[in-house]
Amino acid sequence: MKQSKIMVVDDEPITRFDIKEILKEKNYQVVGEAKNGEEAIKEAYELDPDLILMDIKMPKVDGIKASSIIKEFSSCSILLLTAYSDDEYIDQAKKAGINAYVVKPVNEKELNPAVEIALQQRANHLKMHKKIGKLEEKIKERKIIEKAKGYLMDQQGFTEENAYRNMQKESMEHHIPLIEIANRILASHSK
Ligand SMILES: [Mg+2]
């Protein structure tokens with residue numbers, strides 16, 4: 001299995017160190033670290049991590065703002081690490097699309113399961129994305145096949161069933177996918 005890539009973002013070097021130690025213990029790969037939101041955005045773009053552990057209170061750009069920007073270009077999971085558990089922060093975190101929230105001080109007992117769940121969310125997200133992409137492709141193909149069928153009906157007087165059968169027969173006899181047959185019919189039509 002591919003090792004997950006994790007980024008650690010916190011303005012306190014000692015906190016980054018502690019988190020990295022916990023992650024290394026679990027054999028996670030820490031691919032980058034940043035000390036403020038601005039750096040985090042830049043690195044997330046360059047490193048394309050699977051998960052970012054993100055502090056909230058940081059100079060320049062805070063962790064919630066950085067997270068919402070990162071979520072616009074990346075499908076990584078983001079786990080907020082913060083000393084604050086006020087409703088206001090939780091609300092903002094929800095709006096920013098945060099995947100998990102762990103209250104500091106960090107300990108491995110709480111961090112490890114949160115990291116695992118957040119990584120799983122990322123994997124699920126990718127799987128779903130792939131599925132949606134395939135479905136969209138299928139719908140697109142279906143539309144082209146329907147169009148080619150309509151052309152055969154209009155131009156060659158086929159019934160709907162016969163038009164479809166004719167295309168299927170071509171596809172089977174010449175070992176060409178149905179979509180390709182449909183594309184060829186439409187291409188010859190537009191000439
Ligand atoms: Mg901080």
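Indexing begins at 1, ligand by ligand and atom by atom, following the structure's order. By convention here, the first residue in the shown sequence is residue 1.
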(message) If I take every N, O or S atom of Gly63, is at least one of them less than 2.8 Å from the Mg ion (ligand 1)?
(response) no
(request) Quick one: report the N, O or S atom of Asp11 that is nearest to the Mg ion (ligand 1). (result) OD1
(request) For the Mg ion (ligand 1), find the closest N/O/S atom belonging to Asp55 and write down its atom name. (result) OD2
(message) Using only atom types and a distance under 3.5 Å, with no angle test, would you say the side chain of Arg122 pairs donor to acceptor with the backbone of Ser75?
(response) yes
(request) Identify the residue among Lys104, Arg16, Lys35 that makes a salt bridge (charged side-chain N to carboxylate O under 4.0 Å, His left out) with Asp10. (result) Lys104
(request) Decide whether Lys149 and Asn162 meet the rule of one side-chain donor and one side-chain acceptor closer than 3.5 Å. (result) no
(request) Could you tell me whether the side chains of Glu146 and Tyr151 share a donor-acceptor contact shorter than 3.5 Å? (result) no
